[in-house]
Enquirer: 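The structure is given below, and queries will be raised subsequently.
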Amino acid sequence: MLNTFGLFDTYTGMILPLLVVAAGIFIMKQFFESVPREVEEAARVDGAGVFRIFWSVVLPMARPALITLTILSFQGSWNEFTHFLVSTQSGQYETLTTGLARFVSGGLGGGTQYPLKLAAALLSTLPVAALFLCFQRYFVSGANAGAVKE
């Protein structure tokens, strides 16, 4: 498919297929279905239109779901190996995962360089761990608590 569209061995061909994830669509669909109708109706009574309700009321409530989706998408894209292996050929577009696989498979002379291999694996996990640590406080659900008075 990438070759048909002229995207083989390009950055666009590496990035474009990873933009939409089925799990992300499911997460957001489930969140938006859980938003109480009373919140939307209260905004509509206050004179807000459809776009204003979405932008000012529903989207701020979706922050935990959006951050969860961001972390999961980043982790999935960061750890993607097979897509990058298939979508590129030249060394110019080598990613960290494909480079790490080449390194582990004997790129350093085929010896047993376990300390170097483990250090490289550790360095490849640091960005995902840093992203999680920055946004872990948003994982707490309950952004909707207190939004609707029963």
Side-chain angles (χ1 to χ4, degrees), residues 1-105 107 117-150:
M1 291 294 289
L2 292 174
N3 202 16
T4 303
F5 292 121
L7 299 174
F8 181 74
D9 218 16
T10 63
Y11 286 120
T12 307
M14 293 170 68
I15 296 170
L16 196 61
L18 299 176
L19 289 180
V20 177
V21 181
I25 294 171
F26 179 74
I27 288 170
M28 295 310 295
K29 176 193 171 294
Q30 289 302 107
F31 172 78
F32 286 126
E33 284 182 354
S34 73
V35 173
R37 292 276 177 222
E38 291 84 6
V39 172
E40 295 178 29
E41 290 172 1
R44 191 166 291 121
V45 166
D46 288 341
V50 175
F51 181 74
R52 185 70 173 179
I53 292 171
F54 175 74
W55 189 257
S56 298
V57 177
V58 178
L59 198 58
M61 291 171 57
R63 183 179 292 171
L66 287 171
I67 290 174
T68 301
L69 178 60
T70 301
I71 290 173
L72 291 176
S73 296
F74 179 77
Q75 179 187 14
S77 299
W78 185 263
N79 293 330
E80 185 64 43
F81 174 70
T82 54
H83 169 67
F84 294 134
L85 190 65
V86 171
S87 66
T88 60
Q89 183 177 2
S90 66
Q92 176 184 359
Y93 299 107
E94 190 168 274
T95 61
L96 184 63
T97 53
T98 56
L100 186 61
R102 188 171 51 82
F103 176 67
V104 168
S105 68
K117 292 175 184 179
L118 291 174
L122 175 69
L123 288 176
S124 70
T125 60
L126 286 179
V128 176
L131 183 72
F132 175 76
L133 289 175
C134 288
F135 292 114
Q136 75 178 5
R137 62 186 166 139
Y138 295 108
F139 271 11
V140 178
S141 61
N144 296 344
V148 178
K149 189 173 183 180
E150 298 286 335

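Nothing here was measured: the structure is a model prediction, and the numbers come from that model. Below, all heavy atoms of this structure are taken into account, side chains as well, without hydrogens, waters or symmetry copies.
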Enquirer: Can you find a heavy atom in the side chain of Leu2 that is under 4.5 Å from one in the side chain of His83?
Expert: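 In contact.
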
Enquirer: Any idea which heavy atoms bring Pro60 and Phe54 closest together, and the distance?
Expert: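 Minimum heavy-atom contact is CD-O, 4.4 Å.
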
Enquirer: Looking at CZ of Phe132 and CG of Leu72, how far apart are the two atoms once the value is rounded to the nearest 0.5 Å?
Expert: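 If we round to the nearest 0.5 Å, Phe132:CZ and Leu72:CG are 10.0 Å apart.
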
Enquirer: Going through the distances and angles, do Phe135 and Ile71 end up as a side chain to side chain contact (heavy atoms under 4.5 Å, CB included)?
Expert: CA-CA 8 Å; Phe135 292 114; Ile71 290 173; 3.7 Å; yes

Enquirer: Please table the atom pairs, donor to acceptor, closer than 3.5 Å between any side-chain atom in residues 10-27 and protein atoms at least two apart or in another chain.
Expert:
{"from": "Thr10", "atom 1": "OG1", "to": "Leu7", "atom 2": "O", "distance (Å)": "2.6"}
{"from": "Thr10", "atom 1": "OG1", "to": "Gly13", "atom 2": "N", "distance (Å)": "3.0"}

Enquirer: According to side chain to side chain contact (heavy atoms under 4.5 Å, CB included), who are the partners of Ser124, at least two apart in sequence or on a separate chain?
Expert: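 Ser124 satisfies side chain to side chain contact (heavy atoms under 4.5 Å, CB included) with Leu96, Leu100 only.
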
Enquirer: Which atom names give the shortest non-hydrogen contact between Gln89 and Asp9, and what distance separates them?
Expert: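 The pair with the smallest heavy-atom distance is N-OD1, 3.0 Å.
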
Enquirer: Check the surroundings of atom CZ in Phe5: do more than 12 heavy atoms from other residues, nucleotides or ligands lie under 6.0 Å from it?
Expert: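 Not more than 12 within 6.0 Å, no.
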
Enquirer: Would you call Glu41-Arg44 a salt bridge at under 4.0 Å N-O?
Expert: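 Between Arg44 and Glu41 there is no salt bridge, as every charged N stays at least 4.0 Å from the carboxylate O atoms.
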
Enquirer: What is the minimum heavy-atom distance between Pro64 and Met61, and which atoms define it?
Expert: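 Taking every non-hydrogen atom into account, CD-O, 3.5 Å.
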
Enquirer: Please identify each residue that fulfils side chain to side chain contact (heavy atoms under 4.5 Å, CB included) with Thr82, with sequence neighbours left out.
Expert: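 So Thr82 forms a side chain to side chain contact (heavy atoms under 4.5 Å, CB included) with Glu80.
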
Enquirer: Are the side chain of Thr98 and the backbone N or O of Glu94 linked by a donor-acceptor pair below 3.5 Å?
Expert: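 No, Thr98 side chain to Glu94 backbone: no donor-acceptor pair under 3.5 Å.
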
Enquirer: Looking only at heavy atoms, which two atoms of Phe74 and Leu131 are closest? And how far apart?
Expert: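 That closest heavy-atom pairing would be CD2-CD2, 3.4 Å.
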
Enquirer: Looking at every heavy atom in both Phe31 and Val58, which two are closest together, and how far apart are they?
Expert: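 Phe31 and Val58 have their closest heavy atoms at CE2-O, 4.3 Å.
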
Enquirer: Any side-chain heavy atom of Thr97 within less than 4.5 Å of one from Phe84?
Expert: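 Yes - at least one pair of side-chain heavy atoms lies under 4.5 Å apart.
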
Enquirer: When you compare the side chain of Leu66 with that of Arg63, does any pair of heavy atoms fall below 4.5 Å?
Expert: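 The answer is no, as the side chains (C-beta and beyond) never meet within the 4.5 Å cut-off.
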
Enquirer: Hey, is CD on Gln30 packed in by over 12 heavy atoms from elsewhere, all under 6.0 Å?
Expert: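 Count over threshold, so yes.
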
Enquirer: Exactly one of Val50, Val57, Ile53 should register a side chain to side chain contact (heavy atoms under 4.5 Å, CB included) with Glu40. Which one does?
Expert: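 Single side chain to side chain contact (heavy atoms under 4.5 Å, CB included) partner of Glu40 among Val50, Val57, Ile53: Ile53.
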
